[in-house]
Protein chains: 2
Amino acid sequence: MKITEAMQNYLKTIYRLQERDGVVSTSSLAIAMSVAAPSATGMMKKLVRYRTVRYTRYQGVVLTKTGRQIALEVIRHHRLLELYLAASLGYSWDAVHEEAERLEHVISEDFEERVFEALGRPTRDPHGEPIPTREGALPVWNHDSLADLEPGASGTIRQVRDSSPDMLRYLGARGLVPDAVIRVVDKAPFNGPLTVNVGASTHALGRDLARHIRVEMRPMLGEQE
Amino acid sequence: MKITEAMQNYLKTIYRLQERDGVVSTSSLAIAMSVAAPSATGMMKKLVRYRTVRYTRYQGVVLTKTGRQIALEVIRHHRLLELYLAASLGYSWDAVHEEAERLEHVISEDFEERVFEALGRPTRDPHGEPIPTREGALPVWNHDSLADLEPGASGTIRQVRDSSPDMLRYLGARGLVPDAVIRVVDKAPFNGPLTVNVGASTHALGRDLARHIRVEMRPMLGEQE
DNA sequence: ACTAGAATTTAGACATTCCTAATCATTCAA
DNA sequence: TTGAATGATTAGGAATGTCTAAATTCTAGT
């Protein structure tokens, strides 16, 4: 009766998909885990035995409180590690994900605590994602998708939601990182690209890409109360 | 065709036992790995297929060059991690072993390299054990066992070979750590205790325990050339 | 309402790594 | 030298997590 590493990974993935889609289907889970569908079905049944998910045949799964707790614990490890690797060992923000992915399952609570303190009890990882607390609470902000901003709007990048190293390097090279201040110059119709100012330079960004960038809008002049 | 974590652990353990006893028997390996004897036999056969050990039925195993290479790589990870945990995250020397034991199999070569550089290319871990080089070379010193020193002899502790946290705490509390300068005051016959000066204080030490402490003797006055 | 196609689950298999029970080999002592 | 104790191996089986192929269930379009 032990939560294995595989189970942790499934729970973490279910959590992520559930945030996005609500109920999680077998096929989406299988794709996200890079396994065949029967593997996902089998694991769902196992997770049920551990009371970490609620599962109805042909209907998909939802995390229980216990399952969410475990997922958030793993996510906390992951994000603390990403931050630690970047801050203390000089990793670039596009390289932290892969290393954290393997370390997150093996570090002790003691290690977690020491890293947390060494980093000054941080609340966000290098990609701007919030770090769950030890108690499993996760502050949720509702920032706007960059893709939704209209020309003229400006704000501060709060999150860059993409774990592909190539994409992160691409964005980083253009200054599109958390805390960067941006302004939308132009926006093509029909899901076409956005043109944005970042600091001194201007870049065109695909709408799909922009959707992964979350922005805290600066209240327009005259809009403040 | 992949070296699994279990195989790494067996190879590391075979390396350690081989240093001590020469050829490694199934039973000693099984005991050291905390598994039943048939598990050890089975793994030996598997390690043969990977050309990491030479094995003769009923005779035990010896590492091949490849096997030793892999064992030393894992040991390098282990000792770098021990040092890093102690130096950068404030772990006590009795706590580093357990954490390093789990991390050693999952860190990347990149992580290893960054830690190595962050620590200033160290050559010894917190217990005084030498850290194998990236090429798999291991400097071997032949220090004396504290148990062999005669009354009046003195020297510097170079290694404390014990991974039990309790024992390390016990020794640490008495100042018996690497680089400590000690002098043997008295030595009981028949495998009885040694009495040693460590800094300002004096302690009696069981001979078995003293055997795990390796000392670089200071040449006696008048003995220098 | 029916049916074709998509999604999902079941069935059966394989690789790992571990176990217990039983058999086989070695060795040491009388 | 022989035989009992010790040590090692074989035989057979369990748990995990994966797969492919086949059967089942669902869903949408007519």
Report yes if a side-chain nitrogen or oxygen of [X] is closer than 4.0 Å to either non-bridging phosphate oxygen (OP1 or OP2) of [N]; otherwise report no.
X       : N      : answer
A/Tyr10 : D/dT16 : no
A/Ser27 : C/dT8  : yes
B/Ser25 : D/dG7  : no

Grab the N/O contacts between the protein and nucleotides 13-16 of chain C below 3.5 Å, and write none if there aren't any.
none

Going by atom types alone, do [X] and [Y] pair a side-chain donor with an acceptor below 3.5 Å?
X        : Y        : result
B/His105 : B/Gln8   : yes
A/Ser92  : A/Asp94  : yes
A/Gln159 : A/His143 : no

Any donor-acceptor N/O pair, A/Arg102 side chain to B/Val106 backbone, under 3.5 Å: yes
Sidechain-backbone polar pair: A/Gln69 side chain, A/Glu135 backbone, donor-acceptor under 3.5 Å: yes
What's the [atom1]-[atom2] distance between [X] and [N], to the nearest Å?
X       : N      : atom1 : atom2 : value
A/Met44 : C/dT9  : CE    : P     : 6 Å
B/Leu11 : C/dT17 : CG    : P     : 11 Å
B/Lys45 : D/dT10 : NZ    : C1'   : 7 Å
B/Tyr55 : D/dT9  : OH    : C1'   : 7 Å
A/Leu29 : C/dT8  : CG    : P     : 10 Å
B/Gln59 : D/dT9  : CD    : P     : 9 Å
A/Lys2  : D/dT16 : NZ    : C1'   : 11 Å
B/Gln8  : C/dT17 : CD    : C1'   : 15 Å

Of A/Val35 and B/Thr26, the one whose closest DNA chain D nucleotide lies more 5': B/Thr26
Identified salt bridge (Lys or Arg N to Asp or Glu O under 4.0 Å) counterpart of B/Glu129 within the set B/Arg124, B/Arg76, B/Arg158, B/Arg161: B/Arg161
Using a cut-off of under 3.5 Å, enumerate the N/O to N/O pairs linking the protein to nucleotides 20-25 of chain C.
residue	atom	partner	partner atom	Å
C/dA25	O4'	B/Tyr58	OH	3.2

Inter-residue atom distance B/Thr26.OG1 - B/Gln59.CD, 0.5 Å rounding: 10.0 Å
Pair A/Glu113 + A/Arg134: basic N to acidic O under 4.0 Å: yes
N/O donor-acceptor pairs under 3.5 Å from side chains in residues 83-91 of chain A, not counting sequence neighbours:
residue	atom	partner	partner atom	Å
A/Tyr84	OH	B/Tyr84	OH	2.9
A/Tyr91	OH	A/Glu99	OE1	2.9
A/Tyr91	OH	B/Phe111	N	3.4

